[in-house]
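Taking it in order: structure first as structure tokens, then the write-up.
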Protein chains: 2
Amino acid sequence: MSWRKDQGRAERGYHHGNLKEALLQAALDLISKKGPAGFTFADAARMAGVSPAAPYRHFRDRDELIASIAQRGFEQFESLLTQAWDDGRPDTVSAFERVGKAYLAFAREEPAFYSAMFESGLPVDSNPTLMAASERAFAIIRAAAERLAALAPPGTPRPPAMMMALHIWSMSHGVASLFGRGDAARRKLPMSPEDLLEAEVLIYLRGLGFLTDRRPGTAAADEEPAGDRSGPWGKPK
Amino acid sequence: MSWRKDQGRAERGYHHGNLKEALLQAALDLISKKGPAGFTFADAARMAGVSPAAPYRHFRDRDELIASIAQRGFEQFESLLTQAWDDGRPDTVSAFERVGKAYLAFAREEPAFYSAMFESGLPVDSNPTLMAASERAFAIIRAAAERLAALAPPGTPRPPAMMMALHIWSMSHGVASLFGRGDAARRKLPMSPEDLLEAEVLIYLRGLGFLTDRRPGTAAADEEPAGDRSGPWGKPK
DNA sequence: GGCTCATGTAAAAGCCGTTCACATGAGCTG
DNA sequence: CAGCTCATGTGAACGGCTTTTACATGAGCC
């Protein structure tokens with residue numbers, strides 16, 4: 001497949017050459033501009049310069065296009081989370097927080113993907129490959145939670161790693177859904193979503209017995225120094 | 001065309017009599033069945049037994065109908081949260097948890113309202129009365145957080161009450177969005193959303209220094225006995 | 001050159017949202 | 001009761017969207 005359609009606007013004839021990709025790109029543009037509901041199949045076709053029927057050669061219907069985008073979104077998401085987790089370096093706790101922030105960054109910087117993945121209303125469980133991609137992404141969070149659970153200080157009740165992972169996921173998702181969208185700017189906040197989530201995760205981790213600041217009386221030792229932060233909301237009075 | 005609408009009602013003629021209410025009801029039905037995207041204005045009109053143009057006498061357009069539903073949703077939501085909070089009785093911490101559960105219960109039992117409120121994609125800030133209703137509901141959570149902050153044990157760093165309220169909101173919303181929907185059953189969970197959220201909130205509260213179990217070594221005193229629970233995930237090993 | 005099949009088009013059916021001119025009749029006024 | 005008025009409902013129409021169907025094109029292969 002060597003379409004001579006290299007950027008240089010070689011006028012395409014009857015065949016587009018790379019319509020599927022062009023449609024996915026167009027859909028991404030449109031979704032990020034008008035939301036997954038406002039996006040129309042016909043618009044994407046128009047943007048790609050083909051007739052409204054052409055997309056049906058590449059996607060069974062509109063939903064399948066959105067599912068394809070969600071699929072890609074989960075793949076990029078997984079890659080981003082993997083990178084953020086960085087196998088727990090330099091220390092488990094801070095890597096864990098980084099994962100939460102990566103979640104927010106994704107929601108903010110890739111609103112189209114995020115919408116397709118979480119807000120398009122398409123049933124995740126009806127599409128096995130989509131569900132698998134979703135689970136691969138979640139597996140990163142789960143793996144991080146396993147590591148965290150392994151070094152939780154003794155003497156503190158703690159939930160199974162799976163539950164911890166779900167907790168982190170729900171916090172991240174809650175903050176991202178309510179406050180973390182770049183374009184829509186739905187609700188006003190007296191702080192950044194990042195700070196909000198960071199504080200939330202830190203308090204949660206402290207509830208599990210992890211050292212997240214250095215105040216006397218809450219002493220415990222992480223495997224490595226976790227810095228000198230005392231929480232993003234300032235000192236207690 | 002004189003099918004009288006409901007229960008043994010006298011023959012309705014040209015005028016419906018209570019179309020606005022009938023449309024809201026029909027829309028609720030349809031949204032809970034097919035989601036806010038699948039709901040159509042024409043369907044609601046059909047269900048109410050009027051022509052497709054009739055709804056425009058009561059709502060400027062489709063979005064305004066959805067906004068009306070969201071509005072009502074926030075009002076019911078506020079009422080439910082108020083009831084759950086019960087002014088902090090019998091003790092602040094358990095009342096606080098009850099609020100989280102009420103959030104979940106609402107998402108599960110009123111999926112149509114919940115969808116209209118949070119998943120319909122309509123801009124909250126464009127409608128002042130809608131935003132006001134939303135803020136009134138959030139004010140309940142905020143008030144609860146204020147009370148909680150007032151009796152947080154000293155010696156523990158803690159965020160402003162507003163931030164605590166946002167934390168609780170994001171946890172509840174995250175769990176509800178990801179796992180808490182009754183009809184759609186999007187994702188499988190090894191536990192109930194209620195248990196998941198309860199554990200999450202308890203760990204968070206412990207991170208703030210609140211007594212949420214009676215294990216030695218984490219002693220602190222709430223204003224009142226908080227029961228003998230050791231956390232919903234069982235004993236630590 | 002000629003075949004074949006993936007990939008495009010045009011046309012059409014059926015739906016929806018929305019608007020507009022018009023019809024109806026409920027409630028008021030006298 | 002007669003008559004007026006206005007909120008409320010109707011029917012028809014426009015444009016746009018999704019999806020299907022029959023047909024056109026041309027790229028790759030013998």
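Here is how names work: the chains are called A, B, and so on, in the same order as the sequence lines, proteins then strands, and each is numbered from 1.
- Residues that satisfy the side chain to side chain donor-acceptor pair (under 3.5 Å) test with B/Gln25, not counting sequence neighbours, are absent from this structure.
- Of the candidates D/dC17, D/dT10, D/dT20, D/dT20 carries the atom nearest the A/Ala53 side chain, counting heavy atoms from C-beta on.
- Here the P atom of nucleotide C/dA6 and the NZ atom of A/Lys20 are 14 Å apart, to the nearest Å.
- The side chain of A/Arg62 lies closest to D/dT19 when the candidates are D/dT19, C/dG8, C/dG17.
- Counting heavy atoms from C-beta outward, B/Asp87 and B/Arg147 have side chains that approach closer than 4.5 Å.
- Every residue two or more places apart in sequence or in another chain that forms a salt bridge (Lys or Arg N to Asp or Glu O under 4.0 Å) with A/Glu64 is listed here: A/Arg60.
- Counting to the nearest Å, the P atom of D/dT18 and the CG atom of A/Leu30 are 11 Å from each other.
- B/Ser51 comes within contact range of at least one nucleobase, with a heavy-atom separation under 4.0 Å.
- With rounding to whole Å, A/Tyr56 atom OH is found 13 Å from D/dT21 atom C1'.
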Output one line per pair: protein atom, nucleotide atom from nucleotides 21-23 of chain C, and distance, for all N/O pairs under 3.5 Å.
unit_1 : atom_1 : unit_2  : atom_2 : d
C/dA21 : N6     : B/Arg57 : NH2    : 3.4
C/dA23 : N3     : B/Tyr14 : OH     : 3.2

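- Remark: P of D/dG16 and CZ of A/Phe39 are 18 Å apart, rounded to the nearest angstrom.
- Shown here are the salt bridge (Lys or Arg N to Asp or Glu O under 4.0 Å) partners of B/Arg57, two or more places apart in sequence or in another chain: there are none.
- Summarising the geometry, the separation between CG on A/Leu65 and C1' on D/dC17 is reported as 15 Å, rounded to the nearest angstrom.
- Residue B/Phe41 is classed as a sugar-phosphate contact, given heavy-atom separations below 4.0 Å to backbone atoms only.
- A cation-pi arrangement is present between B/Lys20 and B/Phe59, with the terminal nitrogen or guanidinium carbon under 6.0 Å from the aromatic centre and inside a 45° cone about the axis.
- At whole-Å resolution of the value, CG in A/Asp63 and P in D/dT19 are 7 Å apart.
- Minimum atom distance to the side chain of B/His16 is reached by D/dG9, of the listed C/dC16, D/dG9, D/dT19.
- Using a 4.0 Å heavy-atom cutoff across all strands shown, A/Ala42 reaches sugar-phosphate atoms only and no base atom.
- Residues forming a side chain to side chain donor-acceptor pair (under 3.5 Å) with B/Glu21 (at least two apart in sequence, or on another chain): B/Arg72.
- With contacts defined as side-chain heavy-atom distances shorter than 4.5 Å, the pair A/Ser172/A/Ile168 qualifies.
- Where B/Pro52 and A/Arg60 meet DNA chain D, the nucleotide closest to each residue was compared, and B/Pro52 sits on the side nearer the 5' end.
- Not counting sequence neighbours, the partners of B/Arg89 by the side chain to side chain donor-acceptor pair (under 3.5 Å) test are B/Asp86.
- Between A/Arg46 and D/dG16, a side-chain N or O to OP1/OP2 separation shorter than 4.0 Å is absent.
- For B/Leu19, the listed nucleotide lying nearest its side chain is D/dG9; candidates were C/dC16, D/dG9, D/dT19.
- Here the side chain of B/His58 is nearest to one of D/dT8, D/dT10, C/dG8, namely D/dT8.
- Atom CG in A/Asp61 sits roughly 14 Å away from atom C1' in D/dC17 (whole-Å rounding).
- Regarding A/Asn18, its CG atom lies at a distance of 18 Å from the P atom of C/dA6, rounded to whole Å.
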